Structure formats: C-alpha cells, structure tokens
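See structure below.
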Amino acid sequence: IQSLASLLKSQGISRNLSEAKKIHARVLCGKYCRNRYLGNLIIEMYGKCGSTKDASQAFESMHGPNLFSWNILLTAYAHNGHISDANRVFESMPVWDIVSWTAILTAFCQNDQLDQAKIIFERMPEWNSVSWNSLLAAYALSGHLEESKQLFDNMPEKNVLSWNLMLQANVQAGNVEEVLLLFHEMPQHDIVTWTSIVRVYAVTGHLEKSKQAFDVMPERDSFSWNMLMTAYSQHGYVSEAKELFDQMPENDVTSWNVMITAYFQNGDMEKAMKTFEESPDGDVFSWTCIVAAHAQNGDLETAQELFEKMPQRNIVSFNAMITAYGESGLPEKAKEMFSRMPQRNTVSWNALLQAYAQRGHLEESYEIFTVIPEPN
RNA sequence: UUAACCUACUGUUACC
C-alpha cells in the first residue's frame with residue numbers, strides 16, 4: 001500500500017495525466033481499490049495533473065469520503081482556477097475544519113478576490129499561522145505593500161513564511177534596503193529567505209552581490225541554482241549561465257527552460273532549439289518559450305505549427321500567439337486565436353486590443369476596449 | 001492499531 005501511495009504522489013508531482021490514469025487503473029484492479037487513503041491520493045493526483053474532471057469523478061466514485069477527501073477536492077478545484085466550483089464544494093461539504101476554511105480562503109486570495117477573502121477570513125471560527133499567512137500572501141504578492149505591512153504588524157503569530165512574504169513584497173517593489181533590513185530583523189532564515197536575497201540583488205542589477213549571497217547561503221537547492229542562472233542570463237551572461245547549468249547537481253525542467261530562454265533571449269535560436277530538443281521532459285513553459293521565440297523572429301508558420309503540436313496549452317501560450325499575430329499585422333488571426341481560448345486574462349485582452357489598434361482599426365479597438373472585464 | 005500514512009500558507013523559468 002505504501003508503494004502505491006508513493007507512486008500516486010510522484011505522479012501528482014510529474015503531472016502527466018495519461019500516466020496518472022494508468023496508475024489509477026492499477027489501484028482499481030488491486031485489493032486496495034476501496035481504500036480511502038489511496039482514494040484521497042487519487043483525487044489529489046488528478047488535481048495536480050490539472051484534471052478536475054477526473055478528480056471529481058474519483059471523488060464521486062469513492063466509498064465514504066472523509067474530511068480529507070472533501071478538502072482535497074476543494075483544493076483541486078482551487079489550484080486549477082475553478083473558484084466557483086471550489087466554493088460550491090465548500091458550501092456543500094458536511095463539516096469544515098481549519099484546513100477547509102484556509103483552503104477556500106486561499107482560493108479567493110489567489111484569484112484576486114480579496115473582498116471575498118476578507119469575508120471568509122472573518123467568518124472563520126479560528127485562525128492559525130497558515131490562515132494569517134494566506135491572507136498576507138494575497139496582499140504581499142499583489143503589490144499591496146502598505147496593506148501587507150499593516151497586516152504583518154498586527155498578526156498574532158508570525159513564522160519564517162510570514163517574514164519571507166514580507167521580503168517578497170519588497171523584492172517585487174525593488175526595495176533592496178528594506179529587504180536587507182527585514183533580513184537582519186527576522187529571527188530565522190531559510191533557503192527561501194536566501195533565494196529572495198539572491199533575487200533582489202539580481203533584479204536591481206547587483207549581479208556580484210547576487211552571486212555573493214548565493215555563495216554564502218548555507219544550502220542550495222534547484223530553486224536557488226535556477227535563480228542565479230536566470231540572473232546571469234538576464235544580464236546577458238549566457239555562457240556563465242550554462243556553466244552553472246553544468247555545475248548544478250541536478251537539472252530540473254526549470255533549469256532546462258532557463259537555458260532555452262537564455263539562448264533565445266540572447267539571439268541564439270539554434271542553441272535554443274537544440275536545448276529544447278535535448279531536454280528530457282518539456283513542459284508548457286518550454287513549449288511556450290519556443291513558440292514565442294519563433295513568433296518574435298517573424299517565423300509565424302513554425303510558431304503556429306509548434307503551437308498546434310503542444311501537449312498542453314495555457315493562457316500564456318495563447319497570449320503568445322495572439323501577440324505574435326498582432327505584431328505581424330494579422331488581427332483576424334489574433335481574434336480567431338482569442339476565441340479559441342478556454343480562459344482569458346487581461347494580457348489576452350490587451351494583446352487582442354493591440355492587434356487591432358496597431359493596424360488602425362479604431363472602431364474595433366474601441367469596441368474591444370469597452371468590453372475588457374478588468375482593464376489595466 | 002483509541003496508532004500511522006493523505007489535504008491549506010512563502011522563493012526560480014514562458015506571453016504583457
């Protein structure tokens with residue numbers, strides 16, 4: 001049973017739906033097909049693979065779901081952006097614990113529904129550090145620095161995550177001094193703290209200090225290595241980035257994507273493509289990167305071809321194509337792509353608007369502008 | 001084995 005469990009967990013991490021279904025079938029054939037623990041892991045696995053449909057089917061077919069099952073289903077919807085389904089699950093579940101409350105709170109927070117989030121927060125019967133951090137994250141990661149500070153100062157319990165969130169808010173604002181002040185003030189540092197330091201120096205152009213922070217941090221993981229690689233790449237030091245890539249103990253999919261992006265952004269399409277083809281498991285980032293790369297080089301046909309071949313697409317991949325059509329003066333094509341999208345965000349709307357505006361289609365542009373749900 | 005395992009919060013890459 002433990003081996004099945006770890007199989008289900010690892011499948012959730014690698015997010016491959018067809019493999020996930022095979023493992024599910026294997027569990028169904030065995031004697032543990034009615035085991036609730038495994039049943040819960042199956043729901044979770046599907047959620048992590050991006051299939052809320054399979055997650056909810058697994059939930060429906062399980063015998064006697066427990067509170068874990070409900071919470072996992074709720075989280076599966078929330079993590080895939082299906083906020084109203086998540087809310088429906090929340091409202092229909094028999095009992096709530098602090099995890100359920102925090103999960104729905106986080107769902108609203110991460111979908112920029114701060115008003116709803118606040119209502120939930122006030123309705124909650126109890127709070128712990130996770131719920132406080134969840135609300136803090138909503139402010140800290142969306143550029144609401146002042147509100148973050150106020151919340152942070154009034155939080156009854158803070159842990160290293162809370163401090164890291166405040167760091168992150170200031171990293172995003174580019175406040176190096178404030179980041180360093182917080183760094184010295186906080187009671188503990190962890191690997192996330194240190195990676196934020198590497199980042200804040202990188203984004204403010206202090207590459208040397210970024211490297212120094214990387215060198216003195218007590219431990220490094222793939223996030224920190226990838227961060228430093230990105231820092232070098234974004235300052236034009238591609239070969240240094242490649243050295244780090246070769247030097248790091250393990251290349252994950254992000255490391256590969258950083259290198260693909262590094263080559264492309266520094267004008268070496270050939271190496272970008274070669275790296276893409278060599279990478280063991282490309283994901284939606286890798287694909288979108290090379291689609292965008294071809295599009296930005298004016299090779300729309302290849303971009304289109306690759307786009308249709310993508311194993312999975314998301315909003316960003318569609319946005320890249322819309323932008324490409326717009327820049328090539330093909331607003332009709334942009335519109336066609338736009339209408340194919342299952343979901344859209346403000347970037348999608350702006351890209352469509354741009355496509356028409358650039359060609360001087362004043363009326364269409366205006367029409368689009370007036371129907372953008374959340375213009376910026 | 002009135003035990004254990006599964007669920008909620010922070011850092012890296014693609015479109016703008």
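Labels below follow one simple rule: chain letters A, B, ... track the order of the sequence lines, proteins then strands, and each chain is numbered from 1. Given the structure is predicted, the values throughout are model-derived calculations rather than measurements.
In this structure, Asn128(A) reaches the bases: a heavy-atom distance under 4.0 Å links it to at least one base atom across the strands shown. As judged by a 4.0 angstrom heavy-atom cut-off over every strand, Ile104(A) is placed among residues making no nucleic acid contact. When heavy atoms are screened at a 4.0 angstrom cut-off, Gln172(A) is found touching no nucleic acid atom at all.
Among the candidates Thr102(A), Leu135(A), Thr106(A), Ile104(A), the single residue satisfying the side-chain contact (heavy atoms from CB on, under 4.5 Å) test with Ile120(A) is Ile104(A).
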- Message: Please determine whether ring-ring contact (aromatic ring centres under 6.0 Å, His included) holds for the pair Trp70(A) and Phe59(A), giving the CA-CA distance in whole Å, both sets of side-chain angles, and the decisive distance to 0.1 Å.
- Response: CA-CA 8 Å; Trp70(A) 283 98; Phe59(A) 177 86; 4.8 Å; yes

- Just do the salt bridge (charged side-chain N to carboxylate O under 4.0 Å, His left out) check on Glu208(A) and Lys211(A) with the steps written out, would you? CA-CA 5 Å; Glu208(A) 272 309 309; Lys211(A) 174 72 163 70; over 6 Å; no

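G11(B) atom C1' lies 14 Å from atom CZ of Phe183(A), rounded to whole Å. The interatomic distance linking Asn266(A) (CG) with U13(B) (P) rounds to 16 Å, in whole Å. For the pair Met248(A) CE and U13(B) C1', the computed distance is 11 Å after rounding to whole Å. Taking atom CG on Leu136(A) and atom P on C9(B), their separation rounds to 14 Å, with Å as the unit. Regarding Leu135(A), its CG atom lies at a distance of 14 Å from the C1' atom of A8(B), rounded to whole Å. Rounded to an integer number of Å, the gap from Asp221(A) CG to G11(B) P is 13 Å. One atom, CG of Asn133(A), and another, P of A8(B), lie 14 Å apart when rounded to the nearest Å. In this structure, the CG atom of Asn80(A) is 15 Å from the C1' atom of A8(B), given to the nearest Å.
Residues Phe276(A) and Trp287(A) place their aromatic rings such that the two centres sit under 6.0 Å apart.
When every heavy atom of Ser56(A) is checked against every heavy atom of Tyr77(A), the shortest pair comes out as CB-OH, 3.3 Å. Contact between Glu374(A) and Thr346(A) at its shortest, heavy atoms only, is O-OG1, 3.2 Å.
The closest side-chain donor-acceptor pair between Ser348(A) and Asn345(A) falls under 3.5 angstrom.
With P as the reference atom, U1(B) and C5(B) are 13 Å apart, rounded to whole Å.
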Polar atom pairs between nucleotides 14-16 of chain B and protein, under 3.5 Å, N or O only, would you list them?
unit_1: A14(B); atom_1: O2'; unit_2: Cys289(A); atom_2: N; d: 3.3
unit_1: A14(B); atom_1: N1; unit_2: Asn314(A); atom_2: ND2; d: 3.0
unit_1: C15(B); atom_1: O2'; unit_2: Asn319(A); atom_2: O; d: 3.4
unit_1: C15(B); atom_1: O2'; unit_2: Ala320(A); atom_2: N; d: 3.4
unit_1: C15(B); atom_1: O2'; unit_2: Thr323(A); atom_2: OG1; d: 3.2
unit_1: C15(B); atom_1: O2; unit_2: Asn319(A); atom_2: ND2; d: 2.8

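Using a 4.0 Å cut-off between a side-chain N of Lys or Arg and a carboxylate O of Asp or Glu, Lys274(A) and Glu278(A) qualify as a salt bridge. Between Arg340(A) and Glu336(A) there is no salt bridge, since none of the side-chain N atoms of the basic residue sits less than 4.0 Å from a carboxylate O of the acidic one.
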- Query: What is the per-nucleotide protein-contact pattern of nucleotides 1-7 of chain B, from the 5' end, where B denotes a base atom under 4.0 Å from a protein heavy atom, S denotes such proximity for sugar-phosphate atoms only, and - denotes neither?
  - Reply: ----BBB

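Contact of Thr195(A) with G11(B) (side chain to base): a donor-acceptor pair of N or O atoms is detected under 3.5 Å.
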